[in-house]
Peer 1: 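Would you mind keeping the following structure in view while I ask a few things?
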Amino acid sequence: MLTSSLLGNDHNEIDIRLPDPEAEQAEALRRQCAETAALRNQRRLAATQSRPIKKRAVRKALEERMQAKEALHQKHLPVSEPVIAMETSTIITAPIAPQQDPLLRIREAEELHFLEKQRLAEEQAKRAAAEEAYAKESQSAKGFCRSLQRKAVRQWKKEAAAIEVQKHLPQMERRMAIANVLLCSVLGLGIGTGMLILERPTISETENRTLASMPSFSLSDYWNGSYTAGVSEFYNDTVPFRELFKHLTATFRNYMGWQTGGAIIHGGRPQGDNTASSEVVTTTTAAQTTLSTNPAISITTTTTTTTTPPVVTQPEEHQGELSNNILIHKNRGIMLYGGSYRVGQNYASFLNAYQSELGPSVHIYSMVIPTPCSFYTPEEFQYLIGSEYDNIQNINAHLVDVTPVDAYGALAAHTDEYIYMRTDHHWSALGAFYAAEAFSAAARVPFAKISEYEKVTKPGYVGTLYGYSGDIALKNNPEDFFYYTPKAEYTTTYYNPSLGAKRTAPLLLNLDHLSPVSWYMVYLGGDARVTHVQTAVNNDRTLVIFKDSYGNALVPWLTSSFENIYVVDLRYFTPNAITYIQQVGATDVLFAMNTFSATGGNAKHIETLRIQ
Amino acid sequence: MTKTEALKMLNPIFCEVFDDDSIVLTEETTAADIDGWDSVEHFNLISAVEAAFSMQFQMREVSGMKNVGEMAEIVAQRAK
Amino acid sequence: MVFSSLIFLYLFLPVCLLCYGLSSSLAWKNTILVIFSLIFYAWGEPIYIFLLLGSVIINYLFGLAMGKCKDQKQEKGAKAFMILALLFNLGLLGIFKYSGFLVENLNLLPFISLPVPSLRLPIGISFYTFQILSYLIDLYWDKVERQRNLGHFLLYISMFPQLVAGPIVRYSTIAAEIGSRKVTMTEFSSGISRFVLGLAKKVILSNHLSVIVADFFGGDLSQLTVLGTWYAVAVYAMQVYFDFSGYSDMAIGMGLMFGFHFDENFRHPFLCKDISEFWQRWHISLGTFFRDYLLYMPIFGKRRKYGGLFLVWFCTGLWHGASWNFILWGLYFGIFIFIEQCIGKKKMRKIPLLFRHLYSKLVILIGFGIFYFESLSKLLIFFRRLIGLDGAALTDQYLLLSIRNHIWLLLAAVICCFPIAEWFKKLGNRSVGSAYVFNALQTVCNVVLLAVSSILLVDATNNPFLYFRF
C-alpha cells in the first residue's frame, strides 16, 4: 500500500494521510459517541422542557447542569483530531530533496510511517480506553443517573421553595403577626372592658356564699397589704357570668380524663387513724382496747417515740360534718370517711360527762349517723375508707350510762330506698324517718307512721357536693328534693344563739324563693338558731337535741313523740348547756350528728357547750 | 515564655481535653470552632491548663477570654 | 399580683401596654415601664418596696463609685467597693431569707438558744439580688460600663416581667436595649404567643397536675404504693417544669412586647441524655450565673474540680429555699455531675442512648422527690416507698383511678415536654403555603388557650361554704 501510493505520487508533498481502517474506525466511533451524547442531551433537554418547571430557578439550574455535562462530553471526545492534523501538517510540510536517494526516501518514509502508525496506535488505544471508560461510566451511570436526577430535581425544588419562602417570609410574617396581635388584642381588650363595665355578681349559688366586695381604703390596710389583696380578691372573685364560667370549667375538667361509667375521687383520699393497715401506730396515752366486730379490721397500739402519728385532717369548723374527699360514682357524690377512734373516744367521754353531771333523771342518747360512704362505696374503693360501723361501735363501747341509738342498723335495712341525697352530703327525709323511728323505740315514746305525713317534692335539686367537688356529673344529674310535713299540731319558736330575738315561724321553711342548693334549710331554716317546738303530745317528755345539720331532719318526725323539743346546734349556742337542759326541764337529751362530726372537728363543741 | 510558645504548648492539652488530635490552635480559635466545647468542657479545659502550667486563672479571665490567643497570653505571663 | 390572675391579665397588663404604646419617646416609655413595675411590686409588697428602692439606689451608687475608681486606675478602691457591695447585697438576702434557717440550726448546738427570727421574705429578693450582683461583678471585671442613669438602672432591676419569678436577666444582656430599642410587629406578636403559651402551661397543665400531687403526697404517706410514689413524683416533676417554664415564658413574652430580648431559661429539659445536659436545659439563667460567678472561685486552691463544684451545687440548692432538703437536692445533682465529669464525655457517649435516657430520668425523678419533701422524715418515707419497703403494695385502685381520671391531661403534659412548637415551625417553613397555615394555626391556638386559661382562672377563688351566711 505504501509503495503504490508513494510511487503514484508526483507531488512535492508526500501525502501520508493513511487510509487506515483502524483510524477510520476510531473516527467513526468517536463521531458516533459524540452524536449519541448530543442526542441524549437533546432528549434530556426536550424532556425537561416538556415538563414545564415553573420555577425559573430550578429550570436555570437544570440548564446549567446540562451545559456542564456538555462541557464534560467535549472533554471526553477523542483528542486525536488536532494531533493528526498537526502530524499531517508537519509531515506534509517537510520537503524532501529530489536529489536524495529514493531508497533513503523510502526508508525514511517507512520510518516515518512506522512512527506514525505507532503514534496512531497509541492514540487509538487511548481513544479506545477513554471510550471504554466513558461507555462503562455512562452505562452504570445511566440508570443511577436517572434516579439521581429525580432526587436532584426534588432537592432543587425544595431548595427553590425554601428560597421562595425566605424571600416572602418577612412580609408574610408581618401580615400574620398583625393578624395575631389583632385577634389576641380583641379578645384581651374585650374581656378587660367587659370586666370593667358589666355588672358583677354578689353571691355565688354553687358555692353558697357571698362574693368578695371592694374593700374600703385605709392607710393601715394598705401598709399591711390587705387592701391591695382585697382589691385583687374583689376583681378576681366577682367575675361577670361567673356561674357560667364555673360550669364551663367543670365541663372542661371532666374531659381531662376518662370518666364514663367509672368513678372519680376529688380531694384526695381521706385520712384516719383507724384504718385497716397493720402498721398504724399511735402515740396516744390512753390505752385503746382492741375492739372490732368486723374481724377483718383490727387496731393495735404501740407507743413509739420516733414515728409521727398519722395526721387526721380535722376539717374546718364550719365544715366539720363535711369532707373535701368526695367520690363520684354513678352520679352520686359520696364523702369518703377517714375516722378516728381517738376523737370518737373523746366524744364518748364528753357524753359521759353530761350524764354524770345531769344525773339519772335525764336520759342521754347518742345517735351517730352514718353517711352514704358506708352503703354506696363501690367495692374496689372500700379499702380507702374508714369504717363508720367500727367507729360507731368504738364510741358505743366507751359510753357509760348513755344509750346509743342504732341509726346504722336502721338505715342499713333500707339502703335501696331513697334514704340519702345524691348530690348533697345530707340524708333525705326518709333516712331521717328510719333513724327517728329507731330513736323513738329506744326512748319509748309514741311514733307516728309515715302515712300521717304529707310528702312535698321539689325537682331540680343539686346540693352541696357539686360546689365542693366541682364535678359536672352532679350538676348534669339533679335529683328530686322531698320533705314531709307533719299533720300533727305544733308551734315553733326560734331564738338566736344567745336565746334572744324570740319569734314564731314555721318549722319547715318556704322554699319557693330559695335557690335549690339551699333547700336542705327547709328544716328549721338553717343551723344558726335555737328552736323550740311545742307539740300537742301530752307525755311530759321534753327533749333537747344537740346536733349538726343532720339532726335538723329528725325534728319533724318527732312532733308526735315529745311534748317539747328544743333543738340546739353544737356550733351556735352561747349559754351553758347543762343549765339550759335543767332550765327547760328536759327528760331526754339526744346528741344527733353524722360520723364526720362525731369523730371530727365538731366533737369538741360538745365539751365547750358543757363548760362555757 | 512567649505567646506563640504558649500556644504551641496549649495545643496538646486541647487535643486531650476534646479528644480530637486534629485540633490546630490559632490565636483566633474560639469555642465555636471546636466541637463539643461547652461550659462543662470549658471547666475541664481550665483545670487541665492550670494543672499543666501550675498557674491559676483569675475569675474575671475565665469567662472573659475571647479566644485562645488571650488564653495563651495569660498563660505566657503566668506560667511557671 | 400574680401573672396568672385575672386582675393582672385584664386590668394591669392591658393598661400598661396601652400607656407604653401611646408613649411617644423612649424616655417616656421607660418611665411608664418603671411606674407600672413599681405599682406591680407595691401591690404585693407595700412596705418592702422601699427595701427594693433603697437597694437599687445604694447599688447604683456602688456602681458609680467603682466606675470612678476604675477611671482613676485605683484597683484597690474598686475592690473595696466590690467587697462592700457583696456584703451588702448578700447580707440583705441572707437576713431575709436565711436568718431563720441559720438560727434554727445554730440552736441545735448544745449551748446556743437564740430566738428564731421570722422575717417575711420579700417577693423576688432572690432574683433581683442576683441581678444586681451580675451588674456589679461585670462592672468590676470591666465587662460593662457603669450605668449613669438611675432611672435606667431602676428599670433594669424592677422591670416587672422578670422581677418576681425570673429569669435572672444579666445586665450585659439588655444594657444596650435599655437605652435604645424598637418593637417590631413580628416581635410583638411572638411576644404575645410566648406569653399565652406560658399562661396555658401554668393554668391548664401545672395547676391541674398539682392537684394530683397533693392527692398523693399531701396527707400522711402511710397509704402510698410503690407505683403511686413513682407516678406522683413524675407528675410533680412535670408540674414544677410547667409552672416554672410557664412563668419564664410569660416573662420572655412580656419582655418581647416591650422590646427586650431575654435569654432562654428552659430548653425542654426532659430531653436530656445525662445530668450535665439537664442542667444546661433547666433554669439556664441560674446555672450560667453560678458558672460565671462562682464556679471558678479560687478559694479551694488547686483542687478546682472538687471545691468549685461543691460550692456551686451547694448554693444552687440553697438558693431554692432555706431548708436542708433543698441543699441536699443541690448536692445530689452535684454528685452526679461530678461522676459524669469523672467518666468523661467520650465514655459517656459510648453508653447506649436508651440507658442514658433512663438513667437521667431516674435521677431527675428522685431529685424532684427530694425537692418536694421539706420534712426529712417524710422524705425518708418517700425513699422507702420508692423501693417498696415498709410493706407497701405495688399498686392500688386509687392509683389506677387517678390515672384514668386524668389520662388526657397526663398525655397532654407528656407531649408538651417535647419541642412540638419547633417541630411545627419546621413543618411550616417548607413552603409559603404551609407557613401561612402554621401561623394561622398558631393564632387560633393563642386565642383558644387564652380563652380557656381565663375561664379556668375564674375558678381560682373557689371557696364553697356549707350554709349561706345571712
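A, B, ... follow the sequence lines: proteins, then strands. Residue 1 opens every chain. When reading the values below, keep in mind they use all heavy atoms of this one structure, side chains included, and skip hydrogens, waters and symmetry mates. On a predicted model such as this, the values are computed, not experimentally measured, just so you know.
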Peer 1: Can you tell me how far the CZ atom of Arg60(B) sits from the CG atom of Asp138(C), to the nearest 0.5 Å?
Peer 2: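 The CZ atom of Arg60(B) sits 11.0 Å away from the CG atom of Asp138(C).
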Peer 1: Is there any residue in residues 275-287 of chain C with a non-hydrogen atom under 4.5 Å from a non-hydrogen atom of chain B, and which ones are they?
Peer 2: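 Hits under 4.5 Å: Ser276(C), Gln280(C).
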Peer 1: Please enumerate all residues that pass side chain to side chain contact (heavy atoms under 4.5 Å, CB included) together with Thr29(B), with sequence neighbours excluded.
Peer 2: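 Once residues adjacent in sequence are excluded, the partners of Thr29(B) under the side chain to side chain contact (heavy atoms under 4.5 Å, CB included) criterion are Leu25(B), Thr26(B), Asp33(B), Ile34(B), Val68(B).
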Peer 1: What is the minimum heavy-atom distance between Tyr296(C) and Phe43(B), and which atoms define it?
Peer 2: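 Scanning both residues completely, I find the closest heavy atoms to be OH-CA, 3.3 Å.
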Peer 1: Just wondering, more than 12 heavy atoms not from Phe81(C) lying within 6.0 Å of its CZ?
Peer 2: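 It does not: Phe81(C) CZ has 12 such atoms or fewer within range.
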Peer 1: So which part of Glu41(B) gets closer than 4.5 Å to some heavy atom of chain C, the side chain, the backbone, both or neither?
Peer 2: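 For Glu41(B), the side chain is the part near chain C, not the backbone.
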Peer 1: Show me the side-chain donor-acceptor pairs of residues 331-338 of chain C shorter than 3.5 Å, one per line, residues at least two apart or across chains.
Peer 2:
from: Tyr332(C); atom 1: OH; to: Val363(C); atom 2: O; distance (Å): 2.7

Peer 1: Measuring only between side-chain heavy atoms, which start at C-beta, is Met59(B) closer than 4.5 Å to Trp141(C)?
Peer 2: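 Yes - at least one pair of side-chain heavy atoms lies under 4.5 Å apart.
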Peer 1: Does Glu177(C), at its CD atom, have more than 12 non-hydrogen atoms belonging to other residues, nucleotides or ligands within less than 6.0 Å?
Peer 2: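 More than 12 heavy atoms, drawn from other residues, nucleotides or ligands, come within 6.0 Å of this atom.
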Peer 1: For Met348(C), does the CE atom have more than 12 heavy-atom neighbours from other residues, nucleotides or ligands under 6.0 Å away?
Peer 2: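 Enclosed.
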Peer 1: Mind checking side chain to side chain donor-acceptor pair (under 3.5 Å) for Tyr135(C) and listing every partner two or more places apart, or none if nothing turns up?
Peer 2: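 Checked Tyr135(C) against side chain to side chain donor-acceptor pair (under 3.5 Å); zero matches.
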